Amino acid sequence: MDYFFTEDQMALQELVRQIADEKIRPVAAKLDREGTFPWDIVKVFAESGLYGAIIPEEYGGTGKGIVELAIISEELAKACAGVTLAVAASALGTFPIVIGGNDEQKRRYLPDLAEGKFLAAFCLTEPDAGSDAGAIRTRATRVGDEYILNGNKIFITNGGVAHIYTVIAVTDPAKGSRGVSAFIVQDDYPGFKIGKEEDKMGIRASATCEIVFDDCHVPAANLLGREGEGFSIAMKTLDKSRPGVAAQALGIAQGAFDLALDYARKRVQFGQPLVGHQAIQFMLADMATQIEAARALLYAAARMVDAGAKNIAQPSAMCKLMASDVAMKVTTDAVQIFGGYGYMRDYPIEKYMRDAKITQIYEGTNQIQRMVIARTLIREAASKG
Ligand code: CAA
């Protein structure tokens, strides 16, 4: 189907497709097996300007938007979802500065992030605050012209490889989610520590670890917005970033589908290629239809965000929910088409199924997406009386 991308968007798609095919595909299995972070590919992303997509031109970016971020994530994830996160998780960590930063903070941090000189990461999740983001306990206490941070953040994508961390912490425990604030924290601040590195089922080329704040000294000038605005900044960040997760999921689904179709054309059973069997034809037809439906919802949602629509929580949650469920279904069916070979690590397909699973979990589980969607539906209905 034609999504009527502009010439610039099509050129970006072609550029990223080429990077994915030439630089990522040949090493994806090795990176997955060894769980190594792809610094050499990050260099290519940086040289190609991919880190600047969501950063305004006046701060060194290319001033594009969520459609472009989705194009980048979709094309990269067709080759390897883990490598995709070197860009996507940096965008997630950068959004709070774009959304809540003042001019001075933007001038200080965004140009280097746009160049890919530094990577960013977003620190919200804690051991006892996953889906319930309002339950975070990391404390930020104002002392003179600094905040002192104490607490642990877990499952931080780009943890340990990023230099800039946007951190959500409690400044006033009596005020609940209105007592939460957002900070820019550099990895060279005293008291910033890297904790446990995770050994993951999928997206193994991405870096995921715990971040520990042990009396971490953060300049008061690094507070994003005002005290108490942190929860809102975090939610607005996720609203902008969730279409990117949908795009990763879509890329994973499309990548797996392409491999399954190719295999089904070549594999002969009962005297004919698998594509000659109606059972397989129906599977392929359903997979392709689900992928296209997810793509249509993603790019509709991404365009709404870029157009400055007011209520983006619902479309953003819808496209993340749908694309990640599609990715899980399509990759599972793709393994099925490969049969016994699909279950073996010698073939590339099982990696797609492992990579798909996280898209149903991170940046809000799909149960949370349903909750967000339902709440907006009920609110809309109530406003109509
Ligand atoms: N935009 C702006 N403000 C919002 C908002 C939004 N989309 N959603 C909620 N808020 C505001 C509300 O208006 C409310 O403000 P007031 O108190 O001023 O009225 C405040 O936030 C609290 O809202 P709720 O009462 O709705 O909050 P809640 O406690 O019921 O939780 C939730 C809401 C949507 C479930 C939220 O907790 C949530 O999104 N949870 C999932 C967290 C998540 O996605 N975690 C993933 C971490 S990122 C990640 O995965 C890392 C990685 O490395 C990939």
Side-chain angles (χ1 to χ4, degrees), residues 73 77 81-82 84-96 99-100 119-136 138 153-162 164-168 170 172 174-182 197-198 200 202-203 206-211 225-249 301 304-305 309-318 320-321 324 355 357-379:
S73 294
T84 308
L85 287 166
V87 178
S90 200
L92 174 65
T94 303
F95 275 126
I99 292 167
L119 301 184
F122 180 59
C123 295
L124 174 63
T125 303
E126 297 182 6
D128 295 318
S131 291
D132 185 5
I136 59 165
T138 294
K153 296 287 180 180
I154 58 167
F155 306 152
I156 304 308
T157 312
N158 274 356
V161 296
I164 310 297
Y165 293 77
T166 42
V167 180
I168 311 300
V170 178
D172 187 345
K175 289 190 178 161
S177 61
R178 291 184 189 183
V180 165
S181 304
E197 269 183 49
E198 301 296 345
K200 305 187 292 292
I203 54 163
S206 67
T208 310
C209 73
E210 177 187 24
I211 301 294
R226 288 193 301 267
E227 270 195 25
E229 287 183 353
F231 199 78
S232 160
I233 291 173
M235 293 299 114
K236 286 178 183 160
T237 292
L238 291 167
D239 286 347
K240 289 212 166 194
S241 176
R242 282 174 181 152
V245 178
Q248 291 160 37
M304 269 182 79
V305 179
K310 217 166 150 234
N311 298 315
I312 56 169
Q314 187 191 87
S316 170
M318 280 181 171
K320 190 274 190 190
L321 166 64
S324 58
D355 287 349
K357 185 63 205 169
I358 192 62
T359 65
Q360 293 181 308
I361 298 173
Y362 64 16
E363 294 199 30
T365 62
N366 282 3
Q367 287 69 28
I368 290 294
Q369 308 308 321
R370 289 182 172 92
M371 193 169 129
V372 168
I373 295 161
R375 282 184 182 184
T376 55
L377 292 174
I378 295 161
R379 213 177 302 130

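These numbers were taken from a predicted model, which means no experiment stands behind them. Order of appearance sets the numbers: ligands from 1, and atoms from 1 within every ligand.
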* Could you tell me whether the side chain of Glu126 and the main chain of Thr138 form a donor-acceptor pair under 3.5 Å? => yes
Query raised in the report: If you measure from each heavy atom of Ser131 to ligand 1, is any distance below 4.0 Å?
Result: yes
task = Take every heavy atom of Glu229, measure it against each atom of ligand 1, and state whether any distance is under 4.0 Å.
result = no
Please report the interatomic distance [atom1]([X]) to [atom2]([Y]), rounded to the nearest 0.5 Å.
X: Ile373; Y: Ile378; atom1: CD1; atom2: CD1; value: 11.5 Å
X: Ser324; Y: Gln369; atom1: OG; atom2: CD; value: 7.5 Å
X: Leu85; Y: Gln248; atom1: CG; atom2: CD; value: 5.0 Å

Check [X] against ligand 1 and report side chain, backbone, both or neither, counting heavy atoms closer than 4.0 Å.
X: Glu126; result: neither
X: Ser177; result: side chain
X: Tyr362; result: both
X: Thr157; result: both
X: Ala121; result: neither

Hits for side-chain hydrogen bond (donor to acceptor under 3.5 Å, both in side chains) against Ser181, two or more places apart or cross-chain, chain-then-number order -> Thr171
In terms of residue, atom name and distance, what is the protein heavy atom nearest to [atom]?
atom: atom 43 (C) of ligand 1; result: Gly364 N, 3.6 Å
atom: atom 26 (O) of ligand 1; result: Arg375 NH1, 2.6 Å
atom: atom 42 (C) of ligand 1; result: Gly130 O, 3.8 Å
atom: atom 5 (C) of ligand 1; result: Met235 CB, 3.4 Å

The complete set of salt bridge (charged side-chain N to carboxylate O under 4.0 Å, His left out) pairs with one or both residues in residues 225-242, sequence neighbours excluded, reads Arg226-Glu229
Check: of Arg242, Lys175, Gln314, min heavy-atom distance to atom 44 (O) of ligand 1 comes from Arg242
Using a 4.0 Å cut-off to any heavy atom of [X], which atoms of ligand 1 qualify?
X: Arg178; value: 16 (P), 17 (O), 18 (O), 19 (O)
X: Met371; value: 35 (C)
X: Phe155; value: 53 (O)
X: Leu238; value: 43 (C), 44 (O)

Discussion item. Quick one about Glu363 and Ser241 (side-chain donor to acceptor, distance below 3.5 Å, no hydrogens or angles considered), yes or no?
Written reply: yes
Between Thr208 and the options Glu198, Lys200, Glu197, the side chain to side chain donor-acceptor pair (under 3.5 Å) test singles out Lys200
- Query: What's the verdict on side-chain contact (heavy atoms from CB on, under 4.5 Å) for Gln314 and Leu377, showing C-alpha distance, side-chain angles and the deciding distance?
  - Reply: CA-CA 8 Å; Gln314 187 191 87; Leu377 292 174; 3.4 Å; yes
Full working for side-chain contact (heavy atoms from CB on, under 4.5 Å) between Met371 and Gln367
CA-CA 6 Å; Met371 193 169 129; Gln367 287 69 28; over 6 Å; no
*Is the shortest distance from atom 12 (C) of ligand 1 to a protein heavy atom below 4.0 Å?*
no
Exercise. Based purely on interatomic distance, does Asp132 place a nitrogen or oxygen under 3.5 Å from a nitrogen or oxygen of ligand 1?
Worked result: no
